[in-house]
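What you see is a predicted model, and the numbers here were worked out from it, not measured in a lab.
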Amino acid sequence: MNWIYGEYDFENRLTNLMWTICGDYDQELDELERFTKTSKDLAVYYAAKAGARRKYIDWNMIKKYLNHRIQNGVDQDLIVPLVEMCADVMVEERLINERPGIEDIRKKGQEDLLDQYFRIKLNTFMEKAKYALVLEQMGKHASFDTKVKKLISDIKKCKDVENTLGLLENIDALYLAHFKDMQENPTFLYEMEEENKVKEEYTQEQSFASFMYEELYEEDTSISEAVDGMQSSLLVESIGDLKQESLTNPNENRVLSIDQEMVEKIYGKIEHYYGKSCITKEELKRIEKKVCRNVHEGCRVHFTEGVLRSPCDNTFQIKYVTKQKEKNLSGFRDNIKVHRRNIIKLKEVILKTLTAEQENTIVSSDSGLLAVNKLWRVGRSEKPKVFTKVIDNQKGGYVVDILLDASGSQVARQGKVATQGYIISEGLTLAGIPNRVMSFCNLLDYTILRRFRDYTSPRSENENIFEYFSAGNNRDGLAIQAVCQGLLNRSEENKILIVLSDGKPNDVKISKDNTRTIRGEAFYKGMTAIKDTALEVRKARKNGILLFGVFTGKEEELEAEKLIYGKDFVYARNIEKFSDIVGTYLKRIIENY
């Protein structure tokens with residue numbers, strides 16, 4: 001198909017297409033640029049589907065369903081892609097029935113995108129299922145195992161559902177049929193239907209009920225973002241990695257849409273969810289001037305001590321963090337003897353190594369203090385060396401920063417991450433080494449750095465680490481830069497930064513409704529994010545910081561971790577070994593540097 005429109009005209013036509021299908025002229029079409037650059041057919045397909053998604057599916061109900069199911073033990077890695085595929089089938093079938101031409105446009109657009117992939121993700125069962133479904137939509141077939149074929153066959157039955165509630169009933173049945181570890185709760189759908197009726201009644205009577213409803217489904221922000229992602233992306237997008245993604249100039253065609261009102265509105269939301277800043281405006285401005293550049297241009301950083309230790313008017317968030325802290329502490333107390341033993345072990349490893357390395361060494365020399373017992377060598381040896389010299393092995397002080405990935409990908413192991421962070425900080429504090437513990441994640445355009453303890457904080461503040469919780473995305477390159485600014489200002493000769501992450505820098509902007517963000521650049525993901533993070537790691541090392549990465553993600557992401565950290569990283573299959581790994585690394589650092 002040959003398109004004859006100019007870009008502006010073309011984008012207007014796409015927006016009109018979306019409006020015509022959904023019938024709501026208040027809706028906006030987000031992220032159109034990434035599709036128009038790839039393929040005109042893909043952009044038309046996206047616009048048409050965006051309209052249909054808004055018309056046929058109640059996404060707030062989807063959020064509530066996922067929150068409820070996952071909180072009751074359903075595997076998030078299975079249920080989220082299952083919902084995505086079922087919703088895709090429901091929407092597309094209705095769209096093609098109304099506009100048969102879309103089927104050919106979809107096939108051409110998906111082929112255009114697949115041509116640009118250098119890798120198709122087939123590492124998990126659900127990734128294989130997604131790929132199989134996309135191939136079927138394109139009229140192609142490939143060899144998959146029976147289980148994948150059966151799931152796809154059952155998912156296609158969602159084309160006949162009438163509404164969102166019917167879609168969720170089908171998803172429940174599919175999950176029960178294909179995944180055995182689901183916890184039974186057959187009354188859930190009925191309960192949700194009743195809750196919606198109650199909500200509608202409340203909404204008619206008073207507007208405050210809608211606010212409470214929003215607070216309820218935003219309890220797990222990672223689920224909310226995953227559902228927003230379904231609305232703003234295509235299924236075919238998630239099955240592979242694009243070629244030459246990193247070769248595009250991040251500054252190319254950049255449009256920054258900034259006004260003071262919008263900036264203050266976004267900042268107010270950040271404070272609402274994470275607490276007030278713990279550093280001065282002047283210091284923050286100085287840091288942002290240094291780190292929010294190039295691919296991070298337009299981004300911001302927010303240093304905070306969290307909602308429990310800084311002013312915050314978000315009662316819901318305070319309750320949420322308090323509850324998560326209790327969960328983390330409970331996990332620690334379950335094995336308190338083991339954890340206490342690990343703390344003492346880490347402390348002793350550090351102290352023994354420091355003591356051994358700081359001992360003075362006395363060697364024979366041609367000058368220095370006279371050694372009377374060696375005078376017999378005079379006249380009997382060519383190099384009598386009757387003096388001794390004391391060699392000072394003092395290597396200077398040490399300071400350590402621990403940076404914990406607090407993005408949504410860590411949600412299943414929040415308690416373990418908090419416990420391991422606490423063990424390390426306790427061990428370092430008892431050994432007399434200044435240490436700071438922070439976590440990082442992203443919300444809107446902000447990289448949020450939550451400080452649990454500062455370098456010289458009293459030992460009692462180590463317990464703040466149990467306030468750790470995970471949500472949102474992660475912009476690793478920016479977080480590492482921001483932390484290094486504080487580390488470089490320390491007077492100790494040996495500066496160490498240890499980063500715990502899952503090896504997947506990923507900051508995909510999700511726009512909700514009419515909310516605009518500060519930035520106008522492309523997503524921070526894939527090779528673009530990996531190469532940027534690798535660059536910041538090397539910059540830190542060049543500035544004298546000993547930077548070590550501990551990888552806790554999936555094996556298929558190991559290559560990305562190697563690209564980022566080089567040889568100085570460890571793959572920790574069991575996160576409970578994190579403190580042991582750090583102890584071994586610190587010992588090696590003290591002995592060899």
Side-chain angles (χ1 to χ4, degrees), residues 22 24 27-28 30-31 49-50 52-91 126 158 161 163-172 174-175 182-183 185 188-200 202-203 209-235 238 269 272-273 314 316-317 319-320 324 407-409 411-412 441-444 469-473 508-515:
C22 74
D24 182 355
Q27 296 287 336
E28 290 188 358
D30 300 321
E31 307 300 337
K49 194 166 177 179
R53 275 189 292 238
R54 287 159 171 75
K55 181 178 180 181
Y56 297 123
I57 293 186
D58 181 344
W59 292 100
N60 284 332
M61 189 183 288
I62 297 283
K63 286 178 185 176
K64 190 173 181 183
Y65 168 80
L66 284 173
N67 270 317
H68 189 282
R69 278 307 194 208
I70 291 168
Q71 285 171 9
N72 284 278
V74 169
D75 188 333
Q76 182 173 340
D77 291 338
L78 294 175
I79 193 73
V80 171
L82 183 62
V83 169
E84 186 180 10
M85 286 188 281
C86 290
D88 203 73
V89 168
M90 173 190 173
V91 167
M126 297 309 281
C158 292
V161 297
N163 51 39
T164 306
L165 196 60
L167 176 69
L168 297 180
E169 288 174 339
N170 268 31
I171 291 168
D172 257 7
L174 280 172
Y175 196 98
M182 181 178 181
Q183 291 185 359
N185 182 6
F188 166 71
L189 288 172
Y190 171 76
E191 290 168 358
M192 189 170 66
E193 196 171 21
E194 290 300 306
E195 278 186 33
N196 284 331
K197 288 177 182 176
V198 172
K199 177 206 156 198
E200 287 174 6
Y202 266 86
T203 304
S210 60
F211 166 77
M212 293 299 292
Y213 179 67
E214 184 180 358
E215 288 293 301
L216 179 63
Y217 76 68
E218 283 188 353
E219 183 173 351
D220 189 336
T221 54
S222 65
I223 299 302
S224 181
E225 288 168 0
V227 175
D228 288 338
M230 291 181 201
Q231 301 175 64
S232 306
S233 62
L234 297 172
L235 185 63
S238 62
K269 186 166 281 190
H272 186 63
Y273 281 98
N314 188 342
F316 174 82
Q317 190 72 353
K319 287 181 180 176
Y320 175 78
Q324 185 59 45
S407 63
S409 60
V411 71
C441 65
N442 265 64
L443 178 65
L444 298 174
F469 70 92
S470 61
N473 296 328
V508 179
K509 182 179 67 176
I510 304 295
S511 295
K512 291 177 64 176
D513 302 327
N514 297 326
T515 304

For a quick test of reading the model, state the closest non-hydrogen atom pair linking [X] to [Y] and the distance between them.
X: Y273; Y: Q317; result: O-NE2, 3.0 Å
X: I62; Y: I57; result: CG1-CG2, 3.9 Å
X: L78; Y: M126; result: O-CE, 3.5 Å
X: L235; Y: M85; result: CD1-CG, 4.1 Å
X: S470; Y: S407; result: CB-O, 3.0 Å

With sequence neighbours excluded, residues passing side chain to side chain contact (heavy atoms under 4.5 Å, CB included) with A52: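 Applying side chain to side chain contact (heavy atoms under 4.5 Å, CB included) to A52 gives I21, Y56, V91, L95.
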Donor-acceptor contact present, side-chain N314 to main-chain H272, <3.5 Å: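 Yes; judged by distance alone, with no hydrogens or angles, the pair exists.
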Is any side-chain heavy atom of [X] less than 4.5 Å from a side-chain heavy atom of [Y]?
X: L167; Y: C158; value: yes
X: C86; Y: L174; value: yes
X: D75; Y: Y175; value: yes

N163 side, atom CG; E169 side, atom CD - distance, nearest 0.5 Å: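 Rounded to the nearest 0.5 Å, the CG-CD separation comes to 8.0 Å.
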Nearest-0.5 Å distance that lies between atom CG in N170 and atom CG in L165: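 The CG atom of L165 is 10.5 Å from CG of N170, to the nearest 0.5 Å.
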Stepwise side-chain hydrogen bond (donor to acceptor under 3.5 Å, both in side chains) check, Y65 with D172: CA-CA 10 Å; Y65 168 80; D172 257 7; 2.7 Å; yes
